Each structure stands twice: as C-alpha cells, then as structure tokens.
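Take a look at the structure set out below.
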Amino acid sequence: MAESARYPRVPEKPVLDGVESKWGNSWVKNNTFAFDKTATKDSVYSIDTPPPTVSGSLHVGHVFSYTHTDLIARYQRMSGKKVFYPIGWDDNGLPTERRVQNYFGVRCEPSLAYDKNFVAPTEPSEKQLPISRKNFVELCEKLTQEDEKVFENLFQTLGLSIDWNYTYQTIDKRARTVSQKAFLRNLKRGEAYQAEAPTLWDITFRTAVAQAELEDRERPGAFHKIAFKKQNGEQVFIETTRPELLPSCVALVANPEDARYKELFGKTVITPLFEVEVPVVAHHLVDPEKGSGIAMICTFGDLTDVIWWREFDLPTRGLIGWDGRIVSENPEWITSNKAKETFQKIIGKTSHTAREVLVSELKTTGELVGEPKPITHAVKFFEKGDKPLEIVTTRQWYIRNGGREQELRSKLLDRGVELKWHPEYMKVRYENWVEGLNGDWLISRQRFFGVPLPLWYKLDANGNPDYSQIITPAESALPIDPQSEAPSGFDESQRNKPNGFIGDPDVMDTWATSSLTPQIAGSWELDNDFFHRIFPMDLRPQSHEIIRTWLFSTVVRSHLEENSLPWKNTSISGWILDPDRKKMSKSKGNVVTPIDLLEEYGSDAVRYWAAMGRPGTDTAFDTGQMKIGRRLAIKILNASKFSLSLNATLNKSDVSQDVDHALLNNLAQVVETATSAFEKYEYTRALEVAESFFWSFTDDYVELVKERTYGNQGEEAAKSARAALGITTHTLLKLFAPFIPFVTEEVWSWWQEGSIHLQSWPKSFEITTKPDLGASALTNVTAILADVRKVKTENKQSMKAEVKSLEIWASKEVIAQVENAQKDLIAAGNIKDLKLNITQDETKVKVELA
RNA sequence: GGGCCUAUAGCUCAGUUGGCUAGAGCGCCGCCCUUACAAGGCGGAUGUCGGGGGUUCGAGUCCCUCUGGGCCCA
C-alpha cells in the first residue's frame with residue numbers, strides 16, 4: 001500500500017468528541033465568517049437575526065430556530081454570497097428590569113440620587129432595596145452582560161456562523177442613537193405625535209401598554225344588578241361586573257332596537273349612591289341578551305366604554321389613578337353630602353376593596369338587587385402582567401402605523417404582499433393584524449430601563465409644562481438622556497423651574513428599538529456606505545407569534561424611513577412541542593437545557609434534528625432524531641475515512657466505468673434538487689435528498705465497487721472507482737456542510753485546505769462525467785445485488801457467503817448494464833457463476849447458494 | 001365569534017401541478033462478529049390516509065360538511 005500516505009491526516013479511528021470546541025474556536029479565531037465590507041449590494045446576503053432576550057432563559061427553541069437561519073446562511077455563503085450575519089442581544093425593556101429586581105432584590109426609585117459607591121447586594125433581600133435610576137440601569141447592564149456570555153457560548157457551541165464582529169445590544173449606544181434619530185425623523189415628518197387619550201394601563205408596572213401587548217384571559221366575575229332611578233321615580237336595572245366604577249358613570253346605554261329601553265333614550269337617570277344625573281343613549285354595540293340589556297358607561301371600564309365616550313362626546317370622570325387605586329380627592333361631579341360621605345369610604349382603596357365597600361353600601365340602600373351572579377369573562381391583561389388592565393387618560397407618544405388612516409394601512413398591506421413569506425400562508429397573519437388595527441402605535445412607556453424619548457418641554461411662567469413647546473436635540477448630539485442633560489440654549493439650573501424646561505420622563509417601547517434592527521445592525525446614518533451595502537436585507541427569520549409586533553413594526557419603520565421593505569424574505573419558524581404534549585417544567589424535573597443536549601448528542605446531531613423541522617411547522621422535541629443525526633455524523637466520518645483510505649481522487653478524467661458515471665449522474669441530480677430546495681428555503685428537503693443518497697452510496701455503491709478499488713480489475717478500473725468515490729465524498733461533504741458543519745469541517749481538514757464552509761456550493765455540471773448515461777446503469781445493478789443479499793438473509797447466511805450461481809432474466813438494456821458491471825457484481829456478491837438471459841418480461845433473478 | 005394550521009404505520013413525519021402496488025426513519029421481529037463503521041450491516045412485518053358526502057376515468061391530494069388537536073385575534 002505505497003499510496004496509503006496520500007492522506008496522512010486521516011485519523012486511525014475518527015471520533016465526534018471535541019469537534020465542537022476544535023472547529024468552533026477555529027472559526028471564531030480565524031474570522032472564518034467575517035463579512036466583506038467592500039462587497040457590493042448585489043453580492044450580499046444579509047440577515048436580520050432576531051436578538052434573543054438575554055434575560056430570558058435558554059431554551060431548546062433557541063437552538064431550533066437559530067439553526068434554521070444558520071442553514072440558510074451557510075448555504076448562501078457557499079453559493080458565493082457575501083453573507084452579513086450579525087447578532088444583537090435584546091437587553092432592553094421589562095424582562096430585564098424584572099430580572100434585575102428579582103436577582104438583586106432592588107427596585108428603581110427615580111427620586112433618589114445616584115450613589116456612585118453603590119454595591120449590589122449579593123443575596124436578594126426580602127424587602128426590595130430602593131436605588132436610583134442610574135444605579136438601577138447600571139445593574140441592568142451588568143446582569144445582561146453576564147447573560148449575553150451564556151448565549152454567546154451556546155451559539156458558538158451550536159456552530160452558528162455568525163460574524164461576531166457585528167454584535168450589538170438593543171440598549172447600547174448605537175441602538176440608542178439609531179432609535180432616537182429614527183424617532184426624531186418620524187417626529188419631523190409628522191409620523192410621531194403625542195396625544196392625551198384613554199390608555200390601557202398596567203397598574204403593577206405603572207406603564208401604558210400597546211395593542212400588540214394585550215392578551216385576553218378568562219377570569220371569574222359577577223354580574224351585579226343595580227338600580228338607577230328614572231326621572232319619574234321608577235327604577236331601571238343595569239348589570240355590571242364592576243360596581244366600583246359607579247362613581248365614574250357617565251351614561252347608560254342600550255341597543256337602539258331594544259323595546260324595553262326605547263322610551264328612555266334621550267332622557268336622564270340618577271346613579272345610585274352618588275346621585276349623578278346621566279343620559280341614556282342608544283348604541284348598536286350593546287347586546288340585548290347580555291345582562292339586563294342596558295349597561296353603564298364609565299370612564300373607563302373597558303374599550304367599548306372608550307368607543308362610546310368618544311362617539312357620544314361624554315365627559316371624562318376619571319376614578320382610578322396610575323397606581324390602580326381610587327383617586328384621593330372627592331370628584332367635583334359628586335355633590336350631595338351623602339354621596340360625598342360614601343365616596344370618602346373608598347378614597348385611596350384598590351378597586352377590589354372599593355367594590356366590596358360599594359356592594360355593601362348598595363345592599364344597605366336596597367339598590368343592589370339579589371345576589372351577584374358569578375360568570376366567567378375575558379379580561380384584558382398586559383401579556384407580562386398579573387393584574388387586569390385599567391384604562392386611564394394620559395399623554396402618550398404614538399407613531400402612525402395605519403391604525404387610523406386607510407391610505408397608510410393599504411400601503412402597509414401592499415408591503416405584506418411584496419414580502420416573500422416562507423411558508424407563504426404566514427402572510428395571512430400579517431394581513432389579519434393590519435386589517436384589525438384600531439389605533440396608532442403607542443410607543444411611550446413609563447419605565448426606567450430603555451431608550452429615553454429624546455425630548456424636553458418648555459415650562460411656562462407658572463412652572464407648568466407646555467407640551468406643545470417641544471425641544472428636540474440636534475441629531476449630532478444623540479444619544480441623549482433628557483433627564484440628565486439639558487437642551488441646548490438652557491442649562492441644568494433651569495430644569496423644573498418656571499420658564500425653564502423638563503425632560504420627558506418616558507422611555508420608548510422595546511419594539512420601537514427592535515423595529516430598527518436592520519438600521520442598528522447596518523449602522524444606519526453612522527456609516528451609510530455600509531448601510532446601503534446591506535439594506536434592504538435579504539432575510540428576516542423569526543417566529544410566528546411576533547409577526548404582529550416585531551415583523552410588522554419593522555415594516556412600518558422601514559416604510560416610513562426608507563420607503564421600502566426592510567427585507568426581501570421572511571422565514572417563519574414553528575414551535576417546539578413536547579413529545580408527550582405536556583409542558584416541560586422545572587417542577588417535573590424534565591427540563592432539557594440546550595447546552596446539555598449539545599454535549600450529549602453533539603451539535604451536529606442536534607442541528608440535524610432542528611433541520612428536520614420545516615419552516616412554519618411545529619416540531620416535536622425528539623431525542624430520537626438527534627440519535628439519528630449523531631449516527632449520520634459518525635457515518636460521514638467513517639465513510640469518508642474509508643473512501644480516502646481507498647485513495648479516492650478528484651480526477652474526473654479517470655472515470656471510465658458506467659456504474660461510476662451513473663453514480664455521478666445520480667449525485668448531480670441530488671445536487672440540483674438540494675440547490676433548488678435551498679433556494680426556496682426548504683432546507684429540510686435539501687438534507688433529505690443528500691441523506692438518502694448518502695446511505696445508498698455507502699450501502700450499495702461502495703459495497704459494489706470495494707473490490708475494484710483494491711485493484712482486482714486492474715489499475716484503470718480502480719482509478720475510475722477511486723475518482724467516483726473522491727468526487728462523491730467531496731460533493732457530499734459540501735452538501736452536508738450547512739447541516740453538519742463540525743464533522744464536515746473535520747473530514748475536510750483531512751485532505752483539503754481551508755474551511756469547507758468557504759468552498760463553493762457544488763454544481764451538477766462539475767460532477768457529471770457522462771451525463772447522457774442516466775443513473776440506471778448503477779441502480780439496476782444494485783437492485784440485483786439487493787436481491788442476492790435478500791436470499792442470503794432468508795437463508796441465514798452471512799453476506800460474504802458464496803453464491804453458486806446467479807441467473808438473471810432481463811431486458812436487453814439491463815443485461816447490457818449488468819454485463820458492464822459484472823466483475824463488480826461477482827466480487828460484491830461472491831458469485832461463482834453468472835448467467836444472463838435476455839427477455840421481454842420483468843427482471844427476474846434466481847439465486848442458488850452453495 | 002373570526003382567521004390560519006393540522007389529522008397518513010405503535011412513534012416522529014414525507015407524500016410536488018390529482019396518476020402505477022401510499023413512503024422514510026425510529027421502534028418491533030429475524031438474521032449476520034462483513035479487514036470504514038456492532039455506537040455496525042442485511043432483511044421482514046405493519047395503514048379503513050380522522051368520519052361522511054361530492055367532483056373526476058382516477059382523490060391521501062380538489063370542493064362541501066362534521067369531529068379532534070394547535071396557534072393567532074376579537
């Protein structure tokens with residue numbers, strides 16, 4: 001075996017262990033996936049990678065969906081694209097604040113001064129320690145940095161081909177600059193505006209909440225039947241689940257068709273306990289079947305109240321404050337002494353307590369009829385909150401998103417059509433959402449940790465803010481914090497002083513920053529040359545539940561700022577389902593952490609499982625698939641080692657035998673199928689065709705030609721097989737490279753230079769040696785070999801058992817193919833005597849064992 | 001209440017514009033220590049394609065309807 005030194009780097013016994021750290025480190029160290037900044041737009045493939053919420057926990061879902069993106073990135077890179085594949089960390093917003101509170105046992109108290117010697121408690125204290133806003137933000141930054149390392153470690157172990165030179169944080173300076181600049185542009189163009197309006201309000205977080213952040217939850221409640229007094233002294237009975245809102249009642253409403261109440265429309269009634277005179281109005285939204293068919297309108301109990309309040313131009317009688325408690329002063333519209341006395345009993349109370357008090361009062365006066373009737377109803381919650389939302393009137397900032405203008409809305413719907421969705425049907429979710437919008441995008445949040453609205457307001461001579469007198473910073477001064485910096489033309493001593501200024505205390509919604517990820521990653525306005533090389537981007541990968549938020553808001557910002565789509569394609573990942581359809585939970589002890597998974601099965605194996613999940617399709621968490629992936633990875637190692645040990649070559653001109661030509665034709669077909677599948681973002685299909693070819697290659701073809709490569713048919717025949725083996729191995733490694741990046745890189749390093757991930761994706765014309773031949777010259781022969789194996793198995797013989805005679809009846813063409821390959825066939829089947837007969841009938845085989 | 005997805009072997013899933021006898025892997029059963037791999041190989045069994053109706057020469061695939069599961073929204 002003089003030639004065995006041809007591939008000296010092939011190990012004796014290849015193993016999977018250690019490939020992740022070996023190649024993962026190598027890729028990072030060598031900048032293997034560095035983006036070429038000089039690349040022209042048409043050669044770039046840019047990816048708007050989702051910034052994971054670092055304060056959340058690592059989940060197998062991360063592994064799943066981020067792998068999908070990486071498959072596309074690696075394919076595009078091998079196809080010759082300059083791939084821009086950055087990543088950001090979402091460390092902005094409520095999840096981070098909440099995690100810091102729990103982790104350190106602190107809470108933000110904006111009135112406190114910054115303590116530069118502050119040291120965070122090592123153990124969270126039982127009672128939350130109040131700290132200044134700046135100290136709080138510092139803790140947020142400290143904790144998220146640690147979280148980010150954990151994610152980075154996971155993603156590198158998983159083999160994501162991210163360019164680590166382009167990481168960003170949604171709270172970092174660049175993100176703040178971009179968010180503030182984009183907001184100021186929106187403001188200048190009239191797309192951002194402030195308004196005093198009823199706002200959905202979370203009393204726990206004390207912040208306004210946007211439509212996209214709402215969810216309905218079924219909650220128990222009770223209908224209370226309460227008597228109002230008509231002008232003629234008779235009673236009319238309403239039913240309400242929120243009797244505590246009685247003091248804020250501004251009208252009664254019934255359906256215009258409801259005969260029971262027709263005579264009341266246009267008249268007034270008197271509220272119980274508080275003796276306020278309110279009108280009775282008619283509106284089609286009232287369901288005559290619900291309750292007594294007549295309801296009280298309060299400011300505000302729910303969103304329908306807001307509609308009625310607006311349409312009937314009713315007064316605002318705010319009752320609930322920002323803390324969720326009843327206001328601390330007797331409202332001006334409650335005038336009688338008895339009513340004032342009653343109101344004193346609920347001042348400052350939570351709505352729950354106020355309800356108990358008023359129900360008891362109503363019982364005493366007899367205005368509550370019967371016992372409350374328990375019901376279950378849908379109540380609006382902030383998706384991250386624990387208490388039902390209240391509606392309070394506040395001044396907030398909005399960005400136009402088509403929620404109030406048909407023209408913009410239809411343009412945004414057109415953007416949805418322009419975007420290529422993978423899978424296509426996900427577009428419907430976008431359309432449903434946009435069509436169902438009922439207001440503009442509320443972007444101001446009353447939080448501490450986030451990107452501040454870059455605004456100040458002038459104070460009048462009395463020291464009251466004049467919100468129409470907005471002071472904006474110069475773009476060059478961004479990012480700014482209006483709470484700690486004074487606007488130009490003022491100095492800090494004028495803060496909160498008459499004729500001075502105040503800073504806007506609010507921060508922007510986390511989506512107001514996330515909606516700019518293409519601009520942040522692409523250094524918009526900071527390096528516009530760079531930006532225009534990568535924008536519009538090629539792909540936004542994400543999951544389906546945030547189409548209404550992240551995807552839509554990004555489309556809005558890009559449409560407003562660039563008058564274009566932010567990306568050409570979006571691919572929507574499905575969810576991970578538990579195999580037993582039960583939620584994984586810590587209490588059950590069956591939580592699988594992704595890092596352990598990668599260690600147990602190997603990253604390539606876990607990626608294989610992920611790759612089996614098609615875009616948009618929910619996939620079961622299935623360690624069985626990972627075992628198969630692991631087996632595939634091991635098989636690639638062994639089969640490649642074997643091919644190389646047979647002195648495989650890449651000499652196309654050596655291929656002379658029909659079975660070898662046919663193998664390459666078959667392979668070329670696989671390449672074409674895999675390529676077109678990848679072009680359609682159907683990576684699973686690409687993997688499947690490569691995999692099934694690979695197994696038939698090792699099981700059938702390699703077995704068939706093994707003896708020939710040893711030289712039993714002479715050097716020329718051996719060379720033909722060695723070239724076919726080499727070309728096939730070479731091509732298969734590339735086809736598997738996006739899926740199984742570690743093992744393919746390992747094998748590549750045995751006999752080739754550089755990284756396989758920077759090689760060109762195979763093309764069918766580079767592979768074929770005799771394209772007109774087709775593939776049947778091989779498949780017809782391996783089918784016969786399979787028949788021989790079957791007979792041996794049926795007779796409980798070993799595969800190398802001798803066949804006394806093999807007789808074949810087949811068409812002229814098949815017989816010719818068998819004749820061409822008969823030496824391979826005889827050697828592989830250990831056949832002593834081969835008889836060939838031409839027939840018109842189907843191929844028939846008779847095997848006689850020794 | 002509206003929208004979307006989904007139902008195929010014990011399990012996880014393919015099945016393209018309707019077209020030969022509906023496939024794969026796992027699992028199961030049987031066999032083989034074969035000098036790449038026993039963490040391997042070879043072979044086998046397994047289906048009322050959720051139910052009902054319709055279109056068609058022909059339906060897992062298209063239409064209607066019912067039922068179960070999931071998601072989004074109201």
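Because the structure is predicted, anything quoted here is derived from the model rather than measured. Computation of the quantities below employed the complete heavy-atom set of this structure, encompassing side-chain atoms and omitting hydrogens, waters and symmetry-equivalent molecules. In what follows, chains carry the letters A, B, and so on, assigned in the order in which the sequence lines appear, proteins first and then strands, with residues in each chain numbered from 1.
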**Request:** Encode nucleotides 35-40 of chain B as B, S and - characters from 5' to 3', where the letter depends on protein heavy atoms closer than 4.0 Å: B to the base, S only to sugar-phosphate, - to neither.
**Result:** -BB-BS
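- Protein atom CD of A:E688 is 17 Å distant from nucleotide atom P of B:U12, rounded to whole Å.
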**Per-nucleotide pairing state of RNA chain B [Watson-Crick or G-U, under 3.5 Å; [ ] pseudoknot-crossing; | other strand]** = (((((((..((((.....[...)))).(((((.......))))).....(((((..]....)))))))))))).
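- Taking atom CG of residue A:D622 and atom C1' of nucleotide B:A24, one finds them 14 Å apart after rounding to whole Å.
- Every side chain to side chain contact (heavy atoms under 4.5 Å, CB included) that A:V702 has, sequence neighbours left out, goes to A:F642, A:F697, A:L725.
- Taking the P atom of each, B:U16 and B:A59 are spaced 16 Å apart, rounded to whole Å.
- Centroid-to-centroid, the aromatic rings of A:Y430 and A:W421 come within less than 6.0 Å.
- Taking the P atoms as reference points, B:G25 lies 26 Å from B:C62, given to the whole Å.
- Across the interface with RNA chain B, nearest-nucleotide mapping of A:K380 and A:K790 shows A:K790 to be the residue nearer the 5′ end.
- The separation between A:Q625 atom CD and B:G27 atom C1' is 13 Å, rounded to whole Å.
- Between B:C42 and B:C5, the distance separating the two P atoms is 40 Å to the nearest Å.
- A donor-acceptor contact closer than 3.5 angstrom is absent between the side chains of A:Y7 and A:N647.
- Of the possible polar contacts, none joining the A:H544 side chain to the A:G616 backbone as a donor-acceptor pair under 3.5 Å is found.
- For A:E390, the side chain to side chain donor-acceptor pair (under 3.5 Å) partners are A:R242, not counting sequence neighbours.
- When the P atom is used for both B:A22 and B:U48, the distance is 13 Å, rounded to whole Å.
- Considering only the side chain of A:R685, B:U16 comes nearest among B:C42, B:C73, B:U16.
- For A:W575 and A:F64, the gap between ring centers reaches or exceeds 6.0 Å.
- The closest donor-acceptor contact from the side chain of A:R614 to the backbone of A:T684 lies at 3.5 Å or more, if one exists at all.
- Looking only at distances, no side-chain donor or acceptor of A:D824 sits under 3.5 Å from a matching main-chain atom of A:V705.
- A straight line from CD1 of A:I576 to P of B:C13 spans 11 Å, rounded to a whole angstrom.
- Nearest approach of A:A721 to A:T709, heavy atoms of both residues: CB-CG2, 3.6 Å.
- In this structure, A:Q542 atom CD and B:C72 atom C1' are separated by 14 Å, rounded to whole Å.
- Distance, A:R548 CZ to B:A74 C1': 12 Å, rounded to whole Å.
- Comparing B:U61 with B:G3, their C1' atoms are spaced 23 Å from each other, to the whole Å.
- Cation-pi contact between A:R631 and A:W695: present, with separation from the ring centre below 6.0 Å and deviation from the ring axis of at most 45°.
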For nucleotides 1-4 of chain B, which of its nitrogen or oxygen atoms have a protein nitrogen or oxygen under 3.5 Å away, and what is each distance?
from : atom 1 : to     : atom 2 : distance (Å)
B:G3 : O2'    : A:N432 : ND2    : 2.7

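- Remark: the backbone N or O of A:T779 is not paired with any side-chain donor or acceptor of A:Y701 at under 3.5 angstrom.
- Taking the C1' atoms as reference points, B:G15 lies 15 Å from B:A7, given to the whole Å.
- Along RNA chain B, the nucleotide nearest A:T793 and the nucleotide nearest A:I628 are compared for position; the residue whose nucleotide lies closer to the 5' end is A:I628.
- Between the C1' atoms of B:C49 and B:U21, the separation comes to 15 Å (whole Å).
- Here the C1' atom of nucleotide B:U12 and the CG atom of A:L687 are 15 Å apart, to the nearest Å.
- A gap of 11 Å separates the C1' atoms of B:G47 and B:G23, to the nearest Å.
- Residues satisfying the side chain to side chain donor-acceptor pair (under 3.5 Å) criterion with A:T839, sequence neighbours excluded, are absent altogether.
- Between the OH atom of A:Y430 and the P atom of B:C5 there is a distance of 19 Å, given to the nearest Å.
- Side chain of A:S798, nearest nucleotide from B:C13, B:C32, B:G30: B:C32.
- One N or O on the side chain of A:D440 and one on the backbone of A:N401 form a donor-acceptor pair closer than 3.5 Å.
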